[in-house]
Protein chains: 2
Amino acid sequence: MNAGDAGEDRAGSGSGLRERKKRETRTALSWAAIRLTVERGLANVRTEDIAAEAGVSPRTFNNYFSGKAEAVAARQIERGRQIAEELRARPESEPLWEAVTNAVLERFALGLPTDAGKAPDEHWTAGVRVMLGEPALQGEFFKAAGVTKAELTRAVAERTGTDAGREMYPELVAAAVTGAVTVVSERYVAADPPVPFEELLRDAFGQLAAGLPEPRRKKGRGSSA
Amino acid sequence: MNAGDAGEDRAGSGSGLRERKKRETRTALSWAAIRLTVERGLANVRTEDIAAEAGVSPRTFNNYFSGKAEAVAARQIERGRQIAEELRARPESEPLWEAVTNAVLERFALGLPTDAGKAPDEHWTAGVRVMLGEPALQGEFFKAAGVTKAELTRAVAERTGTDAGREMYPELVAAAVTGAVTVVSERYVAADPPVPFEELLRDAFGQLAAGLPEPRRKKGRGSSA
DNA sequence: TGGAATTTTGCGGGGTACGAATATTTGCGT
DNA sequence: ACGCAAATATTCGTACCCCGCAAAATTCCA
């Protein structure tokens, strides 16, 4: 195998020194890529810098990631994977929407400034907003969402006893959920008078579960949430 | 302005010679990129080849597109734009879901082999399937879907008289729709006993509009759609 | 402990993206 | 019709990126 290859590289698989080091290097590289990008902007970060930051040779960087963008997005993929994992772990008794909501809240909304007492660090969050807007990264972010969708599809299929190969249902749910989470996250980050993540999420999922009913507007006013 | 820049470059804007030539060059480049990629695979296409195919200098290619991937995806973006446009053009009387369904069918399902009498050309369609799977392109494809989502968001907001800045509703609808269309397209392309596009689409939208109800499975079998 | 499996690394080559300067084409006023 | 100004295309040069290859270093396990 060639280091970062797609083999059974899953986060918690092997326990040998080898596997652990590989995972550590991978995380270190991804983390370095993120930090440098937030601080200087993607264009001013060379792969060489990232490698140096993680303490490996430049060539090794490309053994793990095919490019800067992929390295930055690796974190999001990991988070998505954890959400799917959490969904599988929810008790069978929970209705699907409740389980999904809880899974997202459990694994996604952790460590967010409004919810935790972290130091928001204006400089950092501003940089993050810039990073999320980088055109060269958005493709990879969407791609990450695609991976998450795939994992959620499997989890939903399992949970509802549906055959994802035959029915569209699990994939439709997964697509709607990832889409909604994306929307919610953007709103959450951009909200100027900050809004609790959970509130936005429940609102969004509520609309989805209700079939996205068209808000009948009376005369001139839009209805308020 | 520098050729392919983001200015008011919209498909049907200016009518001068300048604007037209620009649009023609752009389409020629995108089309060339697609054709060569389908025939040889993305890795065996140099930007130089694409430029040559379109009859411009290599440097000019990069004045229009930031890379091969973007050039290939340009077509999809255009299609998405047309769907949003069609949605705006649907009569106000149509309920939202119906209007969306019609808009998609009108502008998306055109020229599909099963529906039209085109020559399927096995060689070509096989190449297309390969292209759609190219990892280096998927990011850009997702990005294209993102652009479409944005356009749909505006169209839905207009149509339902909702303020997309305040309410999540239009964006949620747009996200769910683009997600569903993606799922449907994949199924349609992969279906071995071919299935009509319209059938899949109505099924998917039906489930969305119904709130994606969890199919209560009885004992051992999944329910059929 | 010793060899097998795996990973890291340096090197080299083919390409890509883009800034700057220059040439060319188009739009438009007179 | 002419010629100037603006927009666009081209040429050239540079920095960087991605990856194949094969040698060196590390880890595994019997």
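Quantities reported herein were computed from a predicted structural model and do not represent experimental measurements. Throughout, protein chains are lettered first and strands after them, A, B, ... in sequence-line order, and every chain is numbered starting at 1.
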Provide, to the nearest angstrom, the distance between the CZ atom belonging to B:Phe61 and the P atom belonging to D:dT10.
14 Å
Residues that A:Glu86 engages under side chain to side chain contact (heavy atoms under 4.5 Å, CB included), provided they are two or more places apart
A:Arg90, A:Ala103, A:Glu106, A:Arg107
Roughly, in whole Å, what's the span from NZ in B:Lys21 to P in C:dT24?
14 Å
Between C1' of D:dA6 and CD of B:Glu19, the distance in whole Å
13 Å
With sequence neighbours excluded, tell me which residues meet ring pair (Phe, Tyr, Trp, His ring centres under 6.0 Å) with A:Phe205.
A:Trp97
B:Arg46 side chain: which of C:dG15, D:dT10, D:dC17 is closest?
C:dG15
Are A:Ser57 and C:dT9 close enough that a side-chain N or O sits under 4.0 Å from OP1 or OP2?
yes
Starting the side chain at C-beta, find the nucleotide from C:dT16, C:dT9, D:dA6 nearest to B:Arg18.
D:dA6
Is A:Arg154 salt-bridged to A:Glu151, cutoff N-O under 4.0 Å?
yes
Report the residues that fulfil side chain to side chain contact (heavy atoms under 4.5 Å, CB included) with B:Pro135, sequence neighbours left out, ordered by chain and then residue number.
A:Lys143
Could you check whether A:Arg159 pairs with A:Glu92 (Lys NZ or Arg NE/NH1/NH2 to Asp/Glu carboxylate O, under 4.0 Å)?
no
For A:Glu48 and D:dC16, what is the distance between atoms CD and P respectively, to the nearest whole Å?
8 Å
Rounded to whole Å, the OH-P distance (B:Tyr64 to D:dA7) equals 14 Å
With a 3.5 Å cut-off and sequence neighbours excluded, list the donor-acceptor pairs that the side chains of residues 36-45 of chain A form with protein atoms.
from: A:Thr37; atom 1: OG1; to: A:Ala33; atom 2: O; distance (Å): 2.6
from: A:Glu39; atom 1: OE2; to: A:Arg35; atom 2: NH1; distance (Å): 3.3
from: A:Arg40; atom 1: NH1; to: A:Asn44; atom 2: O; distance (Å): 3.2
from: A:Arg40; atom 1: NH1; to: A:Asp49; atom 2: OD2; distance (Å): 3.2
from: A:Asn44; atom 1: ND2; to: A:Arg40; atom 2: O; distance (Å): 2.9

Ranking D:dC17, C:dA17, C:dT8 by distance to the side chain of A:Thr25, first place goes to C:dT8
Bend angle of the helix from C:dT1-D:dA30 to C:dT30-D:dA1, end axes from five pairs each (to 10°)
30°
Close side-chain approach of B:Tyr64 to B:Glu70, heavy-atom, < 4.5 Å
no
Would you indicate which nucleotide in D:dT10, C:dT26, D:dT27 comes nearest to any side-chain atom of B:Asn63?
D:dT10
Decide side chain to side chain contact (heavy atoms under 4.5 Å, CB included) for A:Arg75 and A:Trp31; before the verdict, give the C-alpha distance in whole Å, the side-chain angles of both, and the deciding distance to 0.1 Å.
CA-CA 8 Å; A:Arg75 237 188 100 62; A:Trp31 198 231; 3.5 Å; yes
When the distance from NZ of B:Lys22 to P of D:dA6 is rounded to whole Å, what number comes out?
16 Å
Checking B:Arg81, B:Arg88, B:Gln82 against B:Glu85 for side chain to side chain donor-acceptor pair (under 3.5 Å), the one that qualifies is B:Arg81
Under a 4.0 Å heavy-atom criterion, the protein footprint on nucleotides 18-23 of chain C, written with B, S and -, is BB----
When rounded to whole Å, the CG to P distance for the pair B:Asp49 and C:dG15 reads 9 Å
Output the rounded distance in Å from CZ (A:Arg23) to C1' (C:dT7).
16 Å
